[in-house]
**Student:** 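Quick one: this structure, given as structure tokens, is what I'll be asking you about.
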Amino acid sequence: MKSLIFLYSYHHNNTEKIANAIAKVLEAEIKTPQQVKLEEFQEYDLVGFGSGIYGEKLHKSILNLADKLPRVTNKKAFIFSTSAITEKKNNHKAIREILQSKGYIIVDEFNCRGFNTNSFLKFFGGMNKGRPNAEDLKNAEEFAQNLLKL
Ligand SMILES: Cc1cc2nc3c(=O)[nH]c(=O)nc-3n(C[C@H](O)[C@H](O)[C@H](O)COP(=O)(O)O)c2cc1C
């Protein structure tokens, strides 16, 4: 199964750590929205879309990229994120709906907490210090192992 991961991670590179753990198991390439060529998409059986959560959504560069994708058939996708507050049902809604409208089958979704120093939090040492931690990375690996079984 040929897999690709799209990643945008900038705040503390939290989501990059999760992407690396997943990519290792899937033997997937990781690309940023800037590195990707839309015509390459058809080559991959499984595509992951991941970023931190900003304003209750994945980063707009991932959403914009998903918007430009050609329609596909029989292609699988997964969504992953890190956030201040663990929540994926609503935070993944926008990307989930775009991908489904392109014909992708969303096979699974992953979220865990990530270190956050947004806004006033920086004055108090931030929240979720040390996350993602070793357990989060282990959970991400297990998530990826399950993707291989689908
Ligand atoms: C501008 C900004 C907006 C954020 N908005 C949210 C949010 O709506 N919900 C949430 O749970 N976390 C929010 N966070 C926290 C980030 O999702 C969290 O720190 C994440 O792990 C950052 O991922 P990254 O290091 O991969 O960029 C926000 C952080 C920033 C900097």
Side-chain angles (χ1 to χ4, degrees), residues 1-38 40-41 44-69 75-102 104-148 150:
M1 185 162 63
K2 201 171 170 195
S3 312
L4 175 68
I5 291 178
F6 278 114
L7 172 72
Y8 189 84
S9 176
Y10 81 95
H11 186 41
H12 289 288
N13 299 327
N14 296 329
T15 322
E16 187 179 357
K17 292 174 191 151
I18 297 298
N20 286 335
I22 295 174
K24 206 167 142 195
V25 175
L26 298 181
E27 296 177 12
E29 265 184 275
I30 301 179
K31 292 192 175 182
T32 63
Q34 292 73 25
Q35 289 168 330
V36 73
K37 294 191 187 76
L38 291 178
E40 287 174 350
F41 261 86
Y44 297 93
D45 312 298
L46 177 67
V47 188
F49 295 80
S51 81
I53 295 296
Y54 316 99
E56 300 182 357
K57 289 183 171 72
L58 265 75
H59 191 263
K60 61 177 182 317
S61 61
I62 298 279
L63 297 175
N64 290 344
L65 174 95
D67 256 333
K68 289 189 203 135
L69 291 177
K75 299 281 183 192
K76 295 177 190 166
F78 65 94
I79 302 166
F80 65 102
S81 64
T82 63
S83 54
I85 297 158
T86 304
E87 207 280 290
K88 57 188 177 189
K89 189 169 180 283
N90 291 317
N91 290 341
H92 290 182
K93 188 170 185 278
I95 184 76
R96 191 187 300 124
E97 287 181 357
I98 297 171
L99 292 175
Q100 285 171 339
S101 77
K102 301 290 176 171
Y104 279 96
I105 302 154
I106 311 293
V107 288
D108 209 352
E109 302 185 26
F110 179 91
N111 170 270
C112 71
R113 290 189 183 220
F115 183 42
N116 179 23
T117 53
N118 188 28
S119 183
F120 65 89
L121 289 167
K122 60 178 164 291
F123 303 115
F124 302 100
M127 66 187 286
N128 306 330
K129 202 164 186 339
R131 305 288 297 274
N133 58 20
E135 195 182 342
D136 295 320
L137 297 180
K138 189 168 155 276
N139 289 339
E141 277 174 27
E142 280 173 14
F143 170 83
Q145 272 149 10
N146 284 331
L147 292 175
L148 287 176
L150 294 170

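Atoms within each ligand, like the ligands themselves, are counted from 1 in listed order.
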**Student:** Would you please test L65 and L38 for side-chain contact (heavy atoms from CB on, under 4.5 Å) and show each step?
**Tutor:** CA-CA 9 Å; L65 174 95; L38 291 178; 4.2 Å; yes

**Student:** Can you list, by chain and residue number, every protein residue with a non-hydrogen atom closer than 4.0 Å to ligand 1?
**Tutor:**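 Its neighbours under 4.0 Å (heavy atoms only) are S9, Y10, H11, H12, N13, N14, T15, G52, I53, Y54, G55, E56, T82, S83, A84, I85, G114, F115, N116, N118, given by chain and number.
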
**Student:** Can you sort out the partners of E56 under salt bridge (Lys or Arg N to Asp or Glu O under 4.0 Å), two or more places apart, ordered by chain and number?
**Tutor:**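 None.
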
**Student:** Give a yes-or-no answer on whether the side chains of T82 and T15 include a donor-acceptor pair shorter than 3.5 Å.
**Tutor:**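 Present: a donor and an acceptor within the cut-off.
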
**Student:** Excluding sequence neighbours, so at least two apart, what forms salt bridge (Lys or Arg N to Asp or Glu O under 4.0 Å) with K2?
**Tutor:**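 Listed in chain order: E43.
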
**Student:** Taking only residues two or more places apart in sequence, or in another chain, which ones meet E97 in a salt bridge (Lys or Arg N to Asp or Glu O under 4.0 Å)?
**Tutor:**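 Testing E97 for salt bridge (Lys or Arg N to Asp or Glu O under 4.0 Å), a comparison that skips the adjacent residues, returns K93.
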
**Student:** Does this structure show an ion pair linking D136 with R131, if we count only N-O contacts that are shorter than 4.0 Å?
**Tutor:**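 Judged by the 4.0 Å cut-off on N to carboxylate O distance, D136 and R131 do form a salt bridge.
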
